Structures are given as C-alpha cells and as structure tokens.
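Note that the numbering runs from 1 along the sequence shown for the chain. Keep in mind that what you see is a predicted model, and the values were worked out from it rather than measured.
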Amino acid sequence: MLILIVQFVLGLLYANAGEWGMHKYILHGLGKNRHSFWAYHWYEHHAVCAKHAMLDPGYQTINLSTWNTQSKELVVLAGIVIMHVPMGWFYPIFVSAVYVSLALYYYKHRKAHLDPVWARTHLRWHYEHHLGSNYSANWCVTWPWCDYLLGTRVKNTTVE
C-alpha cells in the first residue's frame with residue numbers, strides 16, 4: 001500500500017515539475033519566437049489576458065475545429081497523455097496521478113480565465129503571473145509547489 005501512495009505522490013510532483021518547466025522553458029522560452037508553434041501562449045493567450053484583466057473569452061466554448069489557443073492547449077495535453085501510456089503498464093498509479101494532474105490543470109486553467117474573481121482567490125499565483133509586473137515568475141498553474149521549491153513564487157501585493 002505504501003508503494004502505491006509513494007507512486008501517486010511522485011506522480012503529482014512529477015506533473016507539477018513538468019508544468020513548471022513547460023510553462024517556463026517552452027511556452028515562454030520557445031514561445032517568444034513568433035514563428036514557433038508555442039508562440040500562441042505568449043502572443044495570443046497572454047495578450048488577450050492582459051487586455052481583458054485575466055479573462056480569456058476563447059475558453060467560453062471548446063471548438064476543436066478552430067486552431068486557436070484552447071485547441072492547441074488540448075492537443076498538447078493529449079500528447080502528454082499519449083506519451084505516458086507506455087509507462088502506465090509499469091507504474092499505473094504514478095501515471096494515474098499524472099492524468100489527474102492534467103485534468104486538474106485544464107479545469108483550473110480554464111476556470112481561472114473564465115472567472116478572474118475565482119482565480120484571484122483560488123489560483124492567486126497564476127493570477128499574479130498574468131496581471132503582475134513579473135511575467136518571469138509564478139510558472140505553476142495547478143499548485144505552486146515547484147514555484148516555492150525553485151524560488152519562482154513571487155507574491156505581488158499590488159495586483160487586485
């Protein structure tokens with residue numbers, strides 16, 4: 001039983017580290033290049049959120065026939081799911097934790113950009129990432145564990 005609990009906790013930590021690294025190095029790093037696939041994050045998602053004070057109207061409907069920020073995000077999440085399928089044969093609880101984290105990520109991220117008041121209360125670190133003065137901090141969305149662990153959780157008391 002202990003090994004299953006350890007697998008689940010490690011899966012959650014692994015997913016949070018992946019979320020942190022992907023956001024910092026891929027979405028913001030590679031995404032700064034306008035010709036990169038990842039540019040949607042910086043030039044679409046962040047631009048819309050800055051213009052609408054955290055709200056991203058693109059999340060109101062899920063339309064996979066439109067190639068936009070939301071459909072790209074879902075394709076990337078699906079790719080992460082597929083990449084972890086082989087590992088599920090050997091570490092099913094670990095991979096289950098990763099999948100739970102991915103589902104929570106999408107739910108919380110979408111809700112945060114549809115309800116900025118909720119985000120300010122429940123995902124303060126992500127709210128501050130978008131509306132604070134430092135876009136190079138607060139990389140986590142689901143939980144700020146790796147931001148605290150790696151020193152990138154920067155509280156911004158001036159954001160309201």
What I want to check is whether the side chains of [X] and [Y] have a donor and an acceptor closer together than 3.5 Å.
X    : Y    : value
H126 : H23  : no
E73  : Y59  : yes
Y14  : H84  : yes
D147 : W125 : no
E19  : T142 : yes
S101 : W143 : no

Is there a chain of hydrophobic side chains (I, L, V, M, F, W, Y, each step under 4.5 Å between heavy atoms) that links [X] to [Y]?
X    : Y    : value
L102 : I26  : yes
F90  : M87  : yes
L114 : I62  : yes
V95  : I82  : no
M22  : W139 : no

Self-check item: Within 6.0 angstrom of Y106 OH, more than 12 heavy atoms from elsewhere
Solution: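 Above 12, so yes.
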
What's the shortest heavy-atom distance between [X] and [Y], and which atoms?
X    : Y   : answer
Q7   : P92 : OE1-N, 3.9 Å
L131 : C49 : CD2-O, 4.1 Å
A39  : R34 : CB-O, 3.8 Å

Self-check item: Steps toward side-chain contact (heavy atoms from CB on, under 4.5 Å) verdict (W42, L27)
Solution: CA-CA 7 Å; W42 185 253; L27 297 176; over 6 Å; no

Straight-line distance of [X] [atom1] to [Y] [atom2], nearest 0.5 Å:
X    : Y    : atom1 : atom2 : value
H129 : S136 : NE2   : OG    : 8.5 Å
F94  : L12  : CZ    : CG    : 9.5 Å
L30  : W38  : CG    : CH2   : 8.0 Å
L104 : Y99  : CG    : OH    : 15.0 Å
L149 : W20  : CG    : CH2   : 9.5 Å
L77  : K72  : CG    : NZ    : 14.5 Å

Min side-chain heavy-atom separation [X]-[Y] under 4.5 Å:
X    : Y    : answer
T121 : Y127 : no
H113 : H130 : yes
Q60  : P57  : yes
C140 : N16  : yes

Quiz prompt | S36 side-chain N/O to K32 backbone N/O, donor-acceptor pair under 3.5 Å | solution =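 No, because the side chain of S36 does not come within donor-acceptor range (under 3.5 Å) of the backbone of K32.
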
Quiz item: Between T152 and A137, is there a donor-acceptor pair closer than 3.5 Å when you use the side chain of the first and the backbone of the second?
Solution: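 A pair under 3.5 Å: no.
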
Quiz item: Angle class for the H41/H45 ring planes (parallel below 30°, perpendicular above 60°, tilted otherwise)?
Solution: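 Rings of H41 and H45: tilted, as their planes differ by 30° to 60°.
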
Quiz item: Would you call E128 and R153 a salt bridge, taking side-chain N to carboxylate O under 4.0 Å as the test?
Solution: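 Looking at R153 together with E128, the answer is yes, because their closest N to O distance falls below 4.0 Å.
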
Exercise. Check whether the ring centres of H28 and Y135 lie less than 6.0 Å apart, and answer yes or no.
Key: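 Distance test on ring centres: not under 6.0 Å, no.
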
Quiz item: Taking the six-membered ring for Trp, is the centroid-to-centroid distance between Y40 and F37 below 6.0 Å?
Solution: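 Centroid separation for Y40 and F37: below 6.0 Å.
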
Exercise. Might you work through the side-chain contact (heavy atoms from CB on, under 4.5 Å) test for D56 and Q70, ending with a clear yes or no?
Key: CA-CA 10 Å; D56 187 340; Q70 291 71 36; 3.3 Å; yes

Quiz prompt | Audit row: S133, N156, side-chain contact (heavy atoms from CB on, under 4.5 Å) steps and yes/no | solution = CA-CA 8 Å; S133 58; N156 189 333; 3.8 Å; yes

